[in-house]
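For clarity, every value in this text was computed on a predicted model and none was experimentally measured. Start at 1 and go down the list; that is how both ligands and their atoms are numbered. The first residue of the sequence shown is numbered 1, and numbering continues consecutively from there.
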Amino acid sequence: MIAPETRAALVTGGTSGIGLAIARRLQSDGLRVAVLDLDRPHAREVAAGHGLTFIPGDLTRREDCARAVEGTVAALGGLDVLVNNAGFQHIAPLADFPEDTWDAMLHVMLTAPFLLSKYAWAHLTRSGQGRIINVASIHGHVASPYKSAYVSAKHGLIGLTRTAALEAGDQGLTVNAICPAYVRTPLVENQIRDQARTRGMSEEEVEGKVLLEAAAIKRLLDPEDVAALVGYVASPAAWGMTGAVLDLDLGWTAR
Ligand code: NAD
């Protein structure tokens, strides 16, 4: 057993929204934390402002996935907790869906989690308390029109989670997926603005009547709500939870 404060974590997409909240949560739980994100001045500033190690990388590129693992291990001395969080949304009818965008979305949200898990495997299994935590979505269970790439990637990520969990079980490495409903982040705020404009509704109406129509609790989650669940899954106490698909979905899938 090693103490949690000696562990090192890498959070992808860790300078915005849910990823930043997760990085800060793991940091406050005593882990050393690196955040991978696209190499932009703002991302570097956010990381530096929170004392997080910045790993520049574009997850559409295979070589950046390999470099990210090497960079994290070089900076933090190991890699015990991998949080595959980076993602983005593109909304378009399937018949018009841009093929390059499909490729990029599948790469960032499904292939990169596979590559990072593969490249980091030897490090993640070293402590006997390794964790892979995949941020999927309610769209890993259900579909919405015009989100073919997003829904496909998130369904796939749940399959990857379960398979990796079966392979990692005897090495003290757990692999779990977290499936939030809508969380108030830049990704969702842009969607609310777009939908309000195209539907001629107020932003409050879009939230309650469009986004949260199927939810029992008509309130957006905050990034910290997701981070709290990740904090538990990353903790030594969660050693027995693996292959789990954890819904934080406001009652969405209860019906
Ligand atoms: P966000 O836009 O605030 O953050 C996403 C981060 O991913 C950004 O920092 C972005 O730069 C990074 N990223 C995107 N493409 C990248 C690439 N090619 N290489 C490296 N980094 C890249 O979004 P968020 O809402 O915080 O979403 C985080 C994760 O949570 C995503 O996987 C998303 O699908 C999932 N999720 C979000 C919601 C929600 O309602 N916001 C709900 C369920 C699941």
Practice task
Return yes when A136 approaches ligand 1 closer than 4.0 angstrom through a heavy atom, no otherwise.
Solution key: yes
Problem - L36 and ligand 1 - part of the residue with a heavy-atom distance under 4.0 Å - result: side chain
Problem - ligand 1 contact on D58 by region, counting heavy-atom pairs under 4.0 Å - result: both
Fill in the blank from the handout: Residue, atom and distance of the protein heavy atom nearest atom 42 (C) of ligand 1 read A181 O, 3.1 Å
Problem - Trace of the side chain to side chain donor-acceptor pair (under 3.5 Å) decision for T161 with N134 - result: CA-CA 7 Å; T161 301; N134 294 322; 3.0 Å; yes
Handout entry: Protein heavy-atom partner closest to atom 37 (C) of ligand 1 - residue, atom, separation in Å
Key = I18 CD1, 3.5 Å
Exercise for the section: Under 4.0 Å from a heavy atom of P186: give me the atoms of ligand 1 that qualify, with their elements. Expected result: 3 (O)
Practice task
For the residue pair Y182 and H139, categorise the inter-ring angle as parallel (less than 30°), tilted (30 to 60°) or perpendicular (more than 60°).
Solution key: perpendicular
Handout entry: Any donor-acceptor N/O pair, Q195 side chain to M201 backbone, under 3.5 Å
Key = no
Practice task
Start with the C-alpha gap between F97 and H90, add the side-chain angles, then the distance that decides, and say whether ring-ring contact (aromatic ring centres under 6.0 Å, His included) holds.
Solution key: CA-CA 9 Å; F97 207 92; H90 184 83; 5.3 Å; yes
Exercise for the section: Inspect the surroundings of CD in E213 and state if more than 12 heavy atoms from other residues, nucleotides or ligands are less than 6.0 Å away. Expected result: no
Problem - Closest protein heavy atom (residue, atom, distance) for atom 2 (O) of ligand 1 - result: L187 CB, 3.7 Å
Completion exercise
Of all protein heavy atoms, the one nearest atom 3 (O) of ligand 1 is S16 OG, 2.7 Å
Exercise for the section: Please check if any side-chain donor atom of D249 sits under 3.5 Å from a side-chain acceptor atom of H141, or the reverse. Expected result: no
Handout entry: Heavy atom of the protein closest to atom 15 (N) of ligand 1 (residue, atom name, distance)
Key = F88 CD2, 3.9 Å
Handout entry: Between CG on residue L59 and OG1 on residue T111, distance to nearest 0.5 Å
Key = 10.5 Å
Problem - Note, V73 side chain near H123 side chain (heavy atom, < 4.5 Å) - result: yes
Problem - Option nearest atom 17 (C) of ligand 1 (shortest heavy-atom distance, choices L211, I138, L59, T15) - result: L59
Completion exercise
Of P56, G57, G87, G13, the one whose closest heavy atom lies nearest atom 14 (C) of ligand 1 is G87
Fill in the blank from the handout: Going by the 4.0 angstrom heavy-atom rule, the piece of V188 near ligand 1 is side chain
Practice task
Could you tell me the residue and atom name of the protein heavy atom closest to atom 32 (O) of ligand 1, and the distance to it rounded to 0.1 Å?
Solution key: N85 O, 2.7 Å
Practice task
Would you indicate whether K218, at its atom NZ, is surrounded by more than 12 heavy atoms from other residues, nucleotides or ligands within a distance under 6.0 Å?
Solution key: yes
Exercise for the section: With heavy atoms of G17 as the reference, note each atom of ligand 1 found under 4.0 Å away. Expected result: 3 (O), 26 (O)
Fill in the blank from the handout: The protein heavy atom nearest to atom 12 (C) of ligand 1 is D37 OD1, 3.4 Å
Fill in the blank from the handout: Among non-hydrogen protein atoms, atom 40 (O) of ligand 1 lies closest to V183 N, 2.6 Å
Practice task
Might you point out which heavy atoms bring I22 and V135 nearest each other, and give the distance in Å?
Solution key: CD1-CG2, 4.0 Å
Exercise for the section: Count the heavy atoms belonging to other residues, nucleotides or ligands that lie under 6.0 Å from CG of L94, then report whether that count exceeds 12. Expected result: no
Exercise for the section: With heavy atoms under 4.0 Å as the rule, classify the contact between K154 and ligand 1 as side chain, backbone, both or neither. Expected result: side chain
